[in-house]
Amino acid sequence: MTHFTRFAAIDWSGAKGSRHKGIALAVCGAGDAAPMLVYPPGGVWSRTAILDWLLAHRAESMLVGFDMSFCAPFVERGAYLPGESTQTDARAFWAYVDANSPDEDLGAASFLDSRRGIHFYLGAADGTKTDFLHFRRAEAAHNAMGFGKTTTVYDAIGAAQVAKASFAGMRLLHHIDGRIAVWPFDAVPAKGMTIVEIYTAIAARAAGLRKGLSKLRTRDALDDALLALGSRPHAPLARYDDHATDAIMASAWLRANADRPDLWTPAGLTDEIARTEGWTFGVP
């Protein structure tokens, strides 16, 4: 059994600027009460404010899930950015991304933009898209399970891409390194906060949503998903957008699955993968 008594999920954003409507944070406690959204002063989160919130709550027995990739693929090619990067573990690569991203508010758009066509695909002018489709071992395992196709952090085009969000997330992970446990790069501590990578599509499948229909945009749809995850109905929201409902659903999913041993010891997770790429919590 894990020690966690609170469960948070964060819908993340890699958008340019310093305030992001695409960021949402939901938290629930043990039991079956529905997760609640947490609002920052001013009503709109910044990435830096999320960092500050994590540090302020790090002593709490809280499991926190971020919907982003915690690192770039390494095992497939033996490098994160072949021909450029020399780092051989995720922590060193987080530091490299942070040092080479002058963007405000932990952003990383310039890191990708300056390497488009070399390491990142941002459009047809960059060449053949399939040449950029390299995956982490967790993503390959997820795809093989039939949950649907994950994307890669090298694909930075389209509304569904997570590339910029993930590289912004790597900057955040660099700033919490050594202060908050990040699984599986760190062992889960006996007390305090642990951060894990999640994929909200996995939570959506567990909540009974079909592939391609994983977004919740009404009160009833969200309550139906929460019921399937063992949660009571939520307090009505002023606005039902994908960011808020994803965070609420994922928080309830974390609570329902935090004690599953198979998710903490997935079959494909080796020491090398744990050190270089990490793993998505929810892929057994």
Side-chain angles (χ1 to χ4, degrees), residues 7-17 20-26 45-51 53-54 63-74 80 90-91 93-98 101 103 105-109 111-112 120 134-139 141-143 147-177 180-186 193-204 214-215 242-251 253-254 273 276-283:
F7 308 87
I10 297 171
D11 201 52
W12 189 239
S13 173
K16 296 179 180 180
H20 313 284
K21 293 183 179 179
I23 295 178
L25 165 62
W45 283 104
S46 66
R47 287 181 288 261
T48 305
I50 289 288
L51 170 63
W53 187 90
L54 292 171
L63 180 62
V64 181
F66 272 86
D67 186 19
M68 64 186 186
S69 296
F70 280 10
C71 205
F74 181 86
Y80 298 109
R91 284 189 167 85
F93 190 62
W94 297 343
Y96 181 76
V97 173
D98 186 65
S101 300
D103 313 52
D105 192 42
L106 300 176
F111 188 89
L112 279 70
F120 301 100
H134 306 285
F135 295 91
R136 298 180 303 153
R137 296 306 87 196
E139 293 156 356
H142 174 273
N143 292 344
F147 282 132
K149 295 297 183 182
T150 57
T151 186
T152 168
V153 295
Y154 300 121
D155 179 8
I157 190 171
Q161 64 86 13
V162 297
K164 292 178 182 177
S166 295
F167 278 87
M170 292 176 213
R171 294 193 66 190
L172 178 137
L173 294 175
H174 172 66
H175 285 268
I176 64 172
D177 188 22
I180 300 174
V182 181
W183 180 87
F185 309 99
D186 299 306
M193 179 182 288
T194 296
I195 293 175
V196 296
E197 170 187 328
I198 60 173
Y199 186 38
T200 54
I202 294 176
S214 60
K215 298 304 180 183
D242 295 347
H243 311 296
T245 59
D246 274 357
I248 290 170
M249 176 180 64
S251 178
W253 177 83
L254 273 176
I273 292 171
T276 59
E277 296 187 351
W279 199 264
T280 306
F281 185 79
V283 178

task: Measure the CD1-CD1 distance between Ile23 and Ile50 for me, rounded to the nearest 0.5 Å.
output: 5.5 Å
query: Are any of the side-chain heavy atoms of Trp45 and Ser13 separated by less than 4.5 Å?
result: no
- prompt: With sequence neighbours left out, what residues match Asp98 under side-chain contact (heavy atoms from CB on, under 4.5 Å)?
  reply: Arg171, His174, His175
message: Would you compute the distance between atom CZ of Phe120 and atom CG of Asp155 and round it to the nearest 0.5 angstrom?
response: 11.0 Å
- prompt: Is there a donor-acceptor pair closer than 3.5 Å between any side-chain N or O of Ser101 and the backbone N or O of Ala108?
  reply: no
field: Pairwise side-chain contact, Arg47 with His20, heavy-atom cut-off 4.5 Å (strictly under)
entry: yes
- line: Between Ser69 and Ser166 the two heavy atoms that sit nearest each other are N-OG, 3.0 Å
statement: So CG of Asp11 and OG of Ser251: to nearest 0.5 Å the spacing works out to 12.5 Å
task: Report yes if the side chains of Ile176 and Leu51 come closer than 4.5 Å at any heavy-atom pair, otherwise no.
output: yes
- prompt: Got Val153 and Arg136 here, is their nearest side-chain heavy-atom distance under 4.5 Å?
  reply: no
query: Between OG of Ser46 and CH2 of Trp53, what distance do you get to the nearest 0.5 Å?
result: 14.0 Å
- prompt: Would you say Asp103 and Asp105 make side-chain contact, with heavy atoms under 4.5 Å?
  reply: no
field: side-chain contact (heavy atoms from CB on, under 4.5 Å) partners for Ala90, two or more places apart
entry: Cys71, Tyr80, Trp94, Phe185
- prompt: Would you say the side chain of Asp186 lies within less than 4.5 Å of the side chain of Arg91, judging by non-hydrogen atoms?
  reply: yes
task: Measure the shortest side-chain to side-chain distance between Leu172 and Trp12 over non-hydrogen atoms and say whether it is less than 4.5 angstrom.
output: yes
- request: Given side chain to side chain contact (heavy atoms under 4.5 Å, CB included), test Leu54 with Phe66 step by step and report yes or no.
  value: CA-CA 12 Å; Leu54 292 171; Phe66 272 86; 3.8 Å; yes
task: Evaluate the side-chain proximity of Trp253 to Phe7: yes if any heavy-atom separation is below 4.5 Å, no if none is.
output: no
- prompt: If you measure from CG on Leu25 to CD1 on Ile248, what distance do you get to the nearest 0.5 Å?
  reply: 10.5 Å
query: Under 3.5 Å, is there a donor-acceptor pair between the side chain of Glu277 and the main chain of Ala138?
result: no
- line: Taken to the nearest 0.5 Å, the spacing of Met249 CE from Leu254 CG works out to 11.0 Å
